[in-house]
Participant: 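Let me begin by handing over the structure; questions about it come next.
All values reported here derive from a predicted model rather than from experimental measurement.
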Amino acid sequence: MSEPIDIDSTSMRALVEGFPKMLRLSSPSEAIIDSARALAKQGIQGVCLVGMGGSAISGDICKGLVRNVAEIPVVQIRDYGVPKYVDKDWVSIVVSYSGNTEETLLSFNEIRERRGSAFVITSGGKLQDMATDVPVYKLVDGIQPRAAVPLILSIVLPLIETLLGIPMSDLIAASHELERMPESWAKSGLTPNKVAHELSDVLPVFVGAEHLAPVAYRAKCQINENSKTPSFHSELPEANHNEIEAYVLYRQRRVMPVFLSSNWYDERVKKRIKETRSILSEQGVDSLQLESEGSTRLAETLGHVYRLDLASVEMAELRGVDPLSVPLISKLKKRV
Ligand code: F6R
């Protein structure tokens, strides 16, 4: 179980500022790692990550981090049920912070019906009740799922790495690096507050590639849920094959692309970012580029998440909306 977080869970700002600290508060038990090791040894066909919204994003980020080394498929499913190929030879990691998300519950049911192995990560709810015969990691309760990402990620990443038989990432080192990042953001001028001001009056489109494509998606979701304003994401190189033709209208519609840089991108992707930004500029469209911080791919990835999570709270404050509550998501959940 996660340690108590000792962060004011009624304040999204406090939760997001606690991101680096939260990365150090949970880790899978020896028993959980041992079962993952045993499954890996037995031989598995793939890893299926199951979850919705804030509970799914850690899976996306982890999937991005292992993309170059995974020798079996790692898929993320956000749906009522999992594809047929997820059979008894696959291992699933099922995450629902509340434990009551219907899509996730149905998928878990299906996995168990097919006799697939699973690990469950939840703070309680129906999922915990249903998970009587699989390893369960219990999260501390009482925080918004999207703010629990560092807690969830520090369970999901070591689990996936064990299942894939690859070395474990150093989350503690990454956490300490994240704590030092606000200083370098201030030096480079793009603090979360500055990013929020740049984006407050435009339609942001976060652009990532490779391991940062899920980070662009996370930023879009955080701006939607925390700042309650439209935002989109896109991915390179794919966007160069379609979206680029619409750039001419970006200025008129006040769209602002925000590029997430990486020291680890393929040189061809780096070139695409540079040339895409110059094409945008030729169309009279401003864009932002967030430079890479961090000495590892993990720290870089989480550093982008941390800065943009903070920017989404800053944007909420600029807009005078509550970054914590999600009344429309709650309303819809009651209706369906
Ligand atoms: C709310 C949030 C949502 C939920 C989603 C699924 O903070 O992030 O996107 O994560 O509605 O609910 P859970 O996470 O409880 O399975």
Side-chain angles (χ1 to χ4, degrees), residues 1-27 53-58 61 95-99 121-124 137-157 171-186 190-200 215 218-229 231 290 293-294 298-299 301-330:
M1 165 144 177
S2 302
E3 286 178 39
I5 59 166
D6 189 27
I7 291 171
D8 176 8
S9 58
T10 62
S11 154
M12 186 54 87
R13 173 176 277 285
L15 286 163
V16 168
E17 283 175 350
F19 190 113
K21 182 179 168 196
M22 271 199 255
L23 273 178
R24 302 194 291 267
L25 293 183
S26 45
S27 58
S55 286
I57 198 75
S58 301
I61 294 173
V95 188
S96 170
Y97 184 82
S98 63
I121 302 171
T122 184
S123 71
Y137 184 87
K138 178 104 168 57
L139 297 160
V140 281
D141 55 14
I143 59 181
Q144 277 290 336
R146 62 189 183 281
V149 161
L151 296 178
I152 299 172
L153 188 132
S154 40
I155 306 303
V156 175
L157 187 58
L171 280 156
I172 305 291
S175 144
H176 290 303
E177 270 198 57
L178 258 58
E179 274 170 343
R180 295 191 294 271
M181 281 186 192
E183 245 173 73
S184 34
W185 299 337
L190 277 177
T191 60
N193 179 272
K194 176 75 176 145
V195 173
H197 274 94
E198 292 284 340
L199 301 184
S200 62
V215 177
R218 161 69 169 185
K220 167 236 179 274
C221 296
Q222 288 289 79
I223 302 284
N224 293 156
E225 286 183 77
N226 290 346
S227 331
K228 288 152 190 81
T229 181
S231 167
L290 299 183
E293 307 272 351
L298 175 66
T301 304
L302 298 180
H304 276 303
V305 176
Y306 182 33
R307 171 155 49 180
L308 290 166
D309 277 10
L310 285 166
S312 72
V313 173
E314 298 277 357
M315 252 171 107
E317 289 168 5
L318 285 177
R319 302 195 61 244
V321 298
D322 173 13
L324 193 71
S325 68
V326 278
L328 299 181
I329 294 180
S330 310

Participant: List for me each residue that meets side-chain hydrogen bond (donor to acceptor under 3.5 Å, both in side chains) alongside S330, sequence neighbours excluded, and say none if there are none.
Facilitator: none
Participant: Compare all side-chain heavy atoms of M22 with those of V149 and state whether any distance is below 4.5 angstrom.
Facilitator: no
Participant: Does R218 use its side chain to pair, donor to acceptor, with the backbone of I61 at less than 3.5 Å?
Facilitator: no
Participant: List in chain and number order the residues that pass side-chain contact (heavy atoms from CB on, under 4.5 Å) with H197, two or more places apart in sequence or in another chain; answer none if no residue qualifies.
Facilitator: N193, L318
Participant: Can you check whether A186's main-chain N or O pairs, donor with acceptor, with T191's side chain at less than 3.5 Å?
Facilitator: no
Participant: By side-chain hydrogen bond (donor to acceptor under 3.5 Å, both in side chains), which residues pair with S175, not counting sequence neighbours?
Facilitator: R24
Participant: With sequence neighbours left out, which residue pairs that include part of residues 144-157 fulfil the salt bridge (Lys or Arg N to Asp or Glu O under 4.0 Å) condition?
Facilitator: R146-E225
Participant: Of all residues at least two apart in sequence or in a different chain, which pass the side-chain contact (heavy atoms from CB on, under 4.5 Å) check with R13?
Facilitator: S11, E17, V313, E314, E317
Participant: Could you check whether D322 pairs with K228 (Lys NZ or Arg NE/NH1/NH2 to Asp/Glu carboxylate O, under 4.0 Å)?
Facilitator: no
Participant: In chain order, what residues pass the side-chain contact (heavy atoms from CB on, under 4.5 Å) check against S231, with sequence neighbours excluded?
Facilitator: P204, F206, K220, I223, N224
Participant: Do L15 and L324 touch side chain to side chain, with heavy atoms closer than 4.5 Å?
Facilitator: yes
Participant: Please enumerate all residues that pass side-chain hydrogen bond (donor to acceptor under 3.5 Å, both in side chains) together with S312, with sequence neighbours excluded.
Facilitator: N226
Participant: Answer whether the closest heavy-atom distance between the side chains of R307 and M181 falls below 4.5 Å.
Facilitator: no
Participant: Using 0.5 Å steps for rounding, measure from the CD atom of Q222 to the CE atom of M12.
Facilitator: 6.5 Å
Participant: Starting at CE of M315, measure out to CG of L199 and round the result to the nearest 0.5 Å.
Facilitator: 5.5 Å
Participant: Looking at residues at least two apart in the chain, or sitting in another chain, which of them share a salt bridge (charged side-chain N to carboxylate O under 4.0 Å, His left out) with E198?
Facilitator: K194
Participant: Quick one: list whatever passes side-chain hydrogen bond (donor to acceptor under 3.5 Å, both in side chains) with S200, sequence neighbours left out.
Facilitator: none
Participant: Restricting to non-hydrogen atoms, name the atom on L178 and the atom on A299 that form the minimum distance, rounded to 0.1 Å.
Facilitator: CD1-O, 3.7 Å
Participant: Tell me, do L151 and I143 make a side-chain contact under 4.5 Å, heavy atoms counted?
Facilitator: yes
Participant: What residues, two or more places apart in sequence or in another chain, satisfy side-chain contact (heavy atoms from CB on, under 4.5 Å) together with S154?
Facilitator: S26, L171
Participant: Give me the atom names and distance for the closest heavy-atom approach of A219 to L308.
Facilitator: CB-CD1, 3.8 Å
Participant: Apply ring-ring contact (aromatic ring centres under 6.0 Å, His included) to Y306 and list each qualifying residue two or more places apart in sequence or on a separate chain.
Facilitator: F19, W185
Participant: With side-chain contact (heavy atoms from CB on, under 4.5 Å) as the test, would you mind laying out the steps for I155 and V95 before giving the verdict?
Facilitator: CA-CA 10 Å; I155 306 303; V95 188; over 6 Å; no
Participant: Which heavy atom in S55 sits nearest to a heavy atom in P145, and how many Å separate them?
Facilitator: OG-CB, 4.3 Å
Participant: So L298 and L157, side-chain contact (heavy atoms from CB on, under 4.5 Å) or not? Walk me through it.
Facilitator: CA-CA 10 Å; L298 175 66; L157 187 58; 3.8 Å; yes
Participant: Kindly compute the distance separating CD1 (I152) from OH (Y97), expressed to the nearest 0.5 Å.
Facilitator: 8.0 Å
